[in-house]
Amino acid sequence: MKNAVNDGGGAGVWSATGFRPGTKAGAGAGPGAASPSGTPGGADGDIWSGCWVAERLGVELVGDEGLGELLGLALRRNPKRAHLLVSHVLGKHIPQSPAVVHGYGFALGLRVRDLLGEDEARRAVVLGYAETATGLGHSVADGVGLAPYLHSTRRPVDGVARAGGFEESHSHATSHLLLPENPGLLAGDGPLVLVDDEFSTGNTVLNTIRDLHERYPRDRYVIVALVDMRSAADLGRLDDFAREIGARVDLVTAASGTVRLPEGVLEKGQALVARYESEAEASAASTGSASGVSDSAGPDGQTAPEAQGAPATPARRVELGWPAGIPDGGRHGFTPEHRVGLEGALPAMAARIADALPSDARRVLVLGFEELMYAPLRLGVALEKLTDAEVRYSTTTRSPVLAVDDPGYAIRTRLVFPAHDNPADGPGERYAYNVAGAGFDAVVAVVDSTADTPELHAPDGLLARLSAHTPSVLLAVVPSYAPARPSTVSPAQSPTERPFMLPEPLRGPEFSSYAPDEVGWLLQDLSDTKLEAPTEEREEAIQSGGAHYAESLPVEYQPSEAYQELFHNALAVSATRIAQAVGVVTETVLAERSPRPVLVSLARAGTPVGVLMRRWAQHRHGLDLPHYAVSIVRGRGIDANALRWLAAHHDPADIVFVDGWTGKGAITRELAQAVEEFEASDGITGFDPEIAVLADPGSCVRTYGTREDFLIPSACLNSTVSGLISRTVLRADLVGEHDYHGAKFYRELAAADVSVAFLDAVSDRFDSVDEAVDAQVKELLSTDRSPTWEGWAAVERISEEYGIHDVNLVKPGVGEATRVLLRRVPWKILARAGAGADLDHVRLLAEQRGVPVEEVAELPYTCVGLIHPKYTRGATGADGKAVTV
């Protein structure tokens, strides 16, 4: 096990006599450590909030100098452990700035991301512990940024199968359930990041790992906690356990230390709690307060009276406008895509809360509810940015803790109220600490809809208790997330069920013959599905309206020896011209679109071009650009799930869509319309729909390498020049609402694969074209490159002149004409008079298929392929090749 604890300031002992410096190096408190009042050290600034317990029980906190700024001490009503470490920055028991609370978790998450590296972080899952660390774990996941989040829960949910569970031995409520909506969430082999508020004995973490490792073994775990409080006896346990299971275990914390407990501390603590609670009940009886609902106990153990003044006013509801489909937290999983949706909605929700607050409110508490910590925390962060009021955040809890109104004690006051979410373990008391007497002008109580019950609104319920201590109580209800597809089988039985959470990109060599860093495919693997149909049958179905071209695949063309020789000859002749075009389009993107673009190829013709652009950026600038391939289908749009994944992992403004060439510009228009529809449906903006292409003979885009219509050898072949990947598939029975579009990996064609050979042949010419690229880019950047759409006009004219009357059957340019011959039923090829070697492969394919080549004097393209109009199988000659009119 590698210990990854921060090194920081000096160490020492926090005790009843104050802080005594030591010599041991340790961790600093981290950013923004503060007490309830916003000052370090404790509620009254100079007094450590653990002094009261330390003085009476002889407990000492030993460790980093910043440890006492992070932690105070209290006593709890628990037969297993007397003391309670009370965090000043967790937002559970002590109201704290929401930005500080979220900032601590986020900073820890950034360290995890740095520790794992981005590739491993994308494969990770972050797991937080209920109830205290649900918000901390979610904040860590925010810092990691690339991984989904799940927290354990003590609330069973009908219809959601349990994916695991474990015990927390020292807790008052021990059983944790794992209830992910996606049964496969924990079944991967990427790192598991476990987050708790403190790492003390290690029992909880070991129980979790042991349970999950038996089901889903993996090579790496990362433990994250605000504080590492293991005793000397426990320090080696994690190392031993890591060796036992054969996995690496890292530890990331903000501070470290331990608690020195004298002999008999548990019995002394229990007696102290019993004494003070007995005195508090007696005081409550003498003042007429109901026993068991006291607000605080004074330094002498006496109960403070209820707040005096005007009768409590009822809480006012605030309609948040919570975004549809976004979970209220991580109980069933929370993906990076969910995070994007929530981030976009937070400012408007915070504005609704701000509008509902009294105009004179200067001190505001956002109060969460037990496991519901993250949603109110993020609302608090957004509200803090929006208002001049001092905003604090904490949550209610199940944990029974003694309240003592003393500046050297961490829990000054206590509100007691009945549970209001119909808990599975039955009714009982719940608590809100350090709220009474804290001087809040308003409290915003945030609960989920499951907890918006009559008990919440009862005379002894939470809202009434709050109203007795603040002039204004607002109630904001977050809809309890109901999993869209509850699991009816165990994840062990169904590990391959397609989940709601979008999977990571597919990469070679498992999917495609490209190296894994060259491209990630945002597709689902349909390699084992029979999708090919004879070309004639496909054409008849497509033109009759009986099927869409993306619902099946043509039989992969197997190039003859003569045709393969043509490909290699064409590559040798054109590699330098292609290298120059790659350099020009890449340099244009870097100059005009983004200094660190994220290349997103339109599969599959765009994929080799995207890989070459990525190689150019490495060659010329040392940039390691992300590159993905996504599906776009004419008439159906771009894969919206792929856009959601991209938006969750990258800034949409950095996304640059890449294709091989333009024909008449149909895909250019398709992409623009699809992005507009996506922005309207998902509320995610920033994607620029303009495509960057190697060749733009149709004058459809501003970002291109050339506008010449010349032979791009990657257009000569199908999968064998595109990483052995098929054209993409979109069919309702194979691609569900939450699935990527599909494609096949033709592993059986590996012997004929020239994908990497094509890339290497072009990139080997990069050095020789550097100067030419610079000169051409300089000229282009000063030129008006506005699209003229002359290609579209030419296609419309040809469609009418040849009596086709359907622009979709006219495929202009060398690349598109080649596709007609390889994948459709061609009628004829129009070739510009005098066109030379660029059309050698086209002439050979046309001869093989019995298709006439007609030379045309004035043609804006080198050639144009015409698909047979109104095709039926009867249009094919008896020999199966000759096409008749």
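With values rounded to the nearest 0.5 angstrom, H93 atom NE2 is found 8.5 Å from R76 atom CZ. To the nearest 0.5 Å, atom CG of residue D197 and atom OH of residue Y104 are 14.0 Å apart. We find the CD1-CG distance between I411 and N434 to be 5.0 Å, quoted to the nearest 0.5 Å. Atom OH in Y393 sits 7.5 Å away from atom CG in L90 (nearest 0.5 Å). Of the inter-residue distances, the one linking D405 atom CG with R412 atom CZ reads 4.5 Å to the nearest 0.5 angstrom. Taking CG of L75 as the start and NE2 of H83 as the end, the distance is 10.0 Å to the nearest 0.5 Å.
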Stepwise side-chain contact (heavy atoms from CB on, under 4.5 Å) check, F334 with I326: CA-CA 8 Å; F334 197 97; I326 302 298; 4.0 Å; yes
Verdict with reasoning, M373 to H138, per side-chain contact (heavy atoms from CB on, under 4.5 Å): CA-CA 9 Å; M373 295 186 70; H138 211 142; over 6 Å; no
Evaluation steps, side-chain contact (heavy atoms from CB on, under 4.5 Å), between H420 and V447: CA-CA 10 Å; H420 53 88; V447 303; 4.0 Å; yes
Intermediate values then yes/no, ring pair (Phe, Tyr, Trp, His ring centres under 6.0 Å), H338 and Y149: CA-CA 10 Å; H338 291 144; Y149 174 63; over 10 Å; no
Residue pair T470, V435: steps toward the side-chain contact (heavy atoms from CB on, under 4.5 Å) verdict: CA-CA 9 Å; T470 183; V435 175; over 6 Å; no
Pair R155-E371, salt bridge (Lys or Arg N to Asp or Glu O under 4.0 Å): steps then yes or no: CA-CA 9 Å; R155 180 194 289 179; E371 292 178 11; 5.8 Å; no
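Here the side chain of Q96 pairs no donor or acceptor atom with the backbone of V89 at under 3.5 angstrom. With hydrogens and angles disregarded, a donor-acceptor distance shorter than 3.5 Å links the side chain of H151 to the backbone of R331. A donor-acceptor pair under 3.5 Å is absent between the side-chain atoms of D64 and the main chain of G66, judged by distance alone. Side-chain atoms of R113 come within 3.5 Å of backbone N or O of V144 as a donor-acceptor pair. The main-chain N or O of S449 is found under 3.5 Å from a side-chain atom of S480 such that the two form a donor-acceptor pair.
At least one side-chain heavy atom of V340 sits under 4.5 Å from a side-chain heavy atom of I684. Contact check for P652 versus L646: no side-chain heavy atoms found under the 4.5 Å cut-off. At least one side-chain heavy atom of L85 sits under 4.5 Å from a side-chain heavy atom of L73. Within the 4.5 Å cutoff, no side-chain heavy atoms of D441 are placed close to those of D360. Side-chain contact between L71 and E198 is absent, with no heavy-atom pair separated by less than 4.5 Å. For the pair P98/V391, a side-chain contact is recorded, criterion being any heavy-atom separation below 4.5 Å from C-beta on. A 4.5 Å side-chain heavy-atom check between P336 and H649 finds at least one atom pair inside the cut-off. Looking at L194 and Y221, their side chains come closer than 4.5 Å, going by heavy atoms from C-beta outward.
The two residues V62 and L67 come nearest to each other via the heavy atoms O-CD2, 3.9 Å. M229 approaches L61 most closely through the heavy-atom pair CE-CD1, 3.5 Å. Taking each heavy atom of A445 and L466 in turn, the nearest pair found is CB-CD1, 4.2 Å. Taking each heavy atom of E384 and A99 in turn, the nearest pair found is OE1-N, 3.0 Å. Taking all atoms of both residues into account, the shortest heavy-atom contact from A124 to L116 is CB-CD1, 4.3 Å. Contact record, F687 with E679: O-OE2, 4.2 Å, taken as the closest heavy-atom pair.
For E181 and Y481, the side-chain atoms include at least one donor-acceptor pair closer than 3.5 Å. A donor atom on one side chain and an acceptor atom on the other are not found under 3.5 Å apart for H469 and T413.
In summary, E370 and R430 engage in a salt bridge, as defined by a charged side-chain N under 4.0 Å from a carboxylate O. Under the 4.0 Å criterion applied to side-chain N and carboxylate O atoms, R392 and E390 are assigned as salt-bridge partners. Taking 4.0 Å as the cut-off between side-chain N and carboxylate O, E343 and R339 do not count as a salt-bridged pair. Ion pairing of E120 with R220 is absent here, as no side-chain N (NZ or NE/NH1/NH2) approaches a carboxylate O to less than 4.0 Å.
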Report all side-chain donor-acceptor pairs from residues 349-359 shorter than 3.5 Å, counting only partners two or more places apart or in another chain.
residue : atom : partner : partner atom : Å
R352    : NH1  : L320    : O            : 2.5

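Exactly one of T397, I94, T395, L415 qualifies for a side-chain contact (heavy atoms from CB on, under 4.5 Å) with Y433. That residue is T397.
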